[in-house]
Each structure stands twice: as structure tokens, then as C-alpha cells.
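Report on the structure given below.
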Amino acid sequence: MAIKEEENTTYETKAIHKDVVKRVEKTMPKEEIIYDLADFFKILGDTTRMRILSALFQEEMCVYDIANLLKMTQSAISHQLRVLKQGRFVKHRKEGKIVYYSLEDEHIKHIVEQGMIHILEKR
């Protein structure tokens, strides 16, 4: 029986299949990895950011063109691009005064494509 104290509350749990619990426990990612993964999916959990990524799947674009495409302000797009950049979803390059954004790598596209396949299967 495992006992865990958290905020003055005691939780008791009983493992029915201890061998299964031990096997799975060995393969579980570290807590910090789980937190990073949850943060990764939080970034994907915003409609505007998903729309921006969908555009960038097609082609590298500047803030102004993305704003025009999505019918949003340049400021709103810049804010979302900052979040995507901090999360390492997108990268940028400057050409004169214009900043162009593109995907950080193809992993992002593949992850979203897998999500899309899952969504479309259910329809």
C-alpha cells in the first residue's frame, strides 16, 4: 500500500497487479518531460496558433501576410508568433525590415497531421 501526503491529505492506493505497475513505472517518462509535453500541447490548444501553423505548413510568411490571411491585426499575430517561437514551433529570418516565419522543423507538421487524421476518422 502506497501512501502519499499532499496538502495535509492522505491518499491510499492499492495495486491489484503489482507486476504491471512496476513494469509500466519503469517506462514512464520523467516528470519534467511530462510537464514539457503538456506545455507543448497547450501551445497547440489555441485556435489562432493552429491557424498560423496551418498557413506556415504551406509556405514561409511574414507577419503582415499572416495577419491579412487570417483577417487579424498584426499585433495579435505577432503575439501568437512570439508564443510559437518561445515553444520552438517556428523560427524566423530577417530580410531587410521584413521578418519571415517558418516551421522550426517538420516534426510539428507531422504531429498536427496525425491529429488531423485522428479528427477526420471520427467524422
Side-chain angles (χ1 to χ4, degrees):
M1 180 180 344
I3 299 174
K4 180 179 178 184
E5 288 210 15
E6 192 173 276
E7 299 175 6
N8 297 327
T9 305
T10 302
Y11 298 95
E12 293 185 20
T13 60
K14 295 180 184 178
I16 303 294
H17 303 95
K18 291 181 183 182
D19 57 329
V20 172
V21 172
K22 285 192 182 294
R23 248 189 343 267
V24 171
E25 187 175 51
K26 289 178 185 176
T27 65
M28 292 287 289
K30 293 179 181 176
E31 284 296 313
E32 75 178 53
I33 301 297
I34 295 289
Y35 288 122
D36 289 347
L37 186 60
D39 287 342
F40 175 88
F41 283 106
K42 282 180 192 174
I43 292 171
L44 289 177
D46 179 88
T47 306
T48 300
R49 290 192 287 267
M50 286 303 301
R51 292 174 70 208
I52 291 169
L53 288 172
S54 293
L56 296 179
F57 290 163
Q58 308 304 313
E59 198 160 328
E60 173 184 73
M61 296 178 76
C62 71
V63 176
Y64 305 102
D65 291 342
I66 297 169
N68 185 275
L69 174 69
L70 301 185
K71 297 174 180 35
M72 296 178 68
T73 65
Q74 178 267 331
S75 175
I77 296 300
S78 290
H79 170 73
Q80 297 301 339
L81 282 167
R82 195 172 314 113
V83 172
L84 289 167
K85 192 173 157 207
Q86 289 171 344
R88 296 184 9 222
F89 285 76
V90 300
K91 61 184 176 185
H92 72 284
R93 69 174 181 86
K94 274 187 119 172
E95 195 172 291
K97 291 184 178 185
I98 309 276
V99 178
Y100 292 92
Y101 290 86
S102 60
L103 295 180
E104 178 73 32
D105 57 43
E106 288 295 307
H107 293 117
I108 305 303
K109 187 173 183 179
H110 295 303
I111 291 165
V112 173
E113 285 173 345
Q114 288 300 307
M116 186 68 77
I117 289 168
H118 179 72
I119 296 300
L120 294 176
E121 277 180 356
K122 305 296 179 188
R123 291 188 173 234

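In this structure, H92 and Y101 have tilted ring planes: the angle between them lies in the 30° to 60° band.
Rounding to the nearest 0.5 Å gives a distance of 6.5 Å between CG of L53 and CG of L44. In this structure, CZ on F89 lies 10.0 Å from CG on D105, to the nearest 0.5 angstrom. One finds the CE atom of M28 at 12.5 Å from the CD1 atom of I33 (value rounded to the nearest 0.5 Å). With values rounded to the nearest 0.5 angstrom, R88 atom CZ is found 10.0 Å from I43 atom CD1. Atom CG of L56 is separated from atom CD of E104 by 12.0 Å, given to the nearest 0.5 angstrom.
Side-chain heavy atoms closer than 4.5 Å link hydrophobic residues (I, L, V, M, F, W, Y) into clusters, and following such links, even through other members, never connects F57 to M116. Side-chain heavy atoms closer than 4.5 Å link hydrophobic residues (I, L, V, M, F, W, Y) into clusters, and following such links, even through other members, never connects I52 to Y100. Put simply, L37 and I111 are part of the same group of oily side chains (I, L, V, M, F, W, Y) that touch within less than 4.5 Å, one to the next.
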**Study point:** salt bridge (Lys or Arg N to Asp or Glu O under 4.0 Å) between D19 and K22, worked out
**Key:** CA-CA 5 Å; D19 57 329; K22 285 192 182 294; over 6 Å; no
Fill in: Residues R51, M72; criterion side chain to side chain contact (heavy atoms under 4.5 Å, CB included); working and verdict
CA-CA 11 Å; R51 292 174 70 208; M72 296 178 68; 4.1 Å; yes
- With side chain to side chain contact (heavy atoms under 4.5 Å, CB included) as the test, would you mind laying out the steps for V83 and H79 before giving the verdict? CA-CA 7 Å; V83 172; H79 170 73; 4.3 Å; yes
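Remark: K109 NZ is packed, more than 12 non-hydrogen atoms of other residues, nucleotides or ligands lying under 6.0 Å away.
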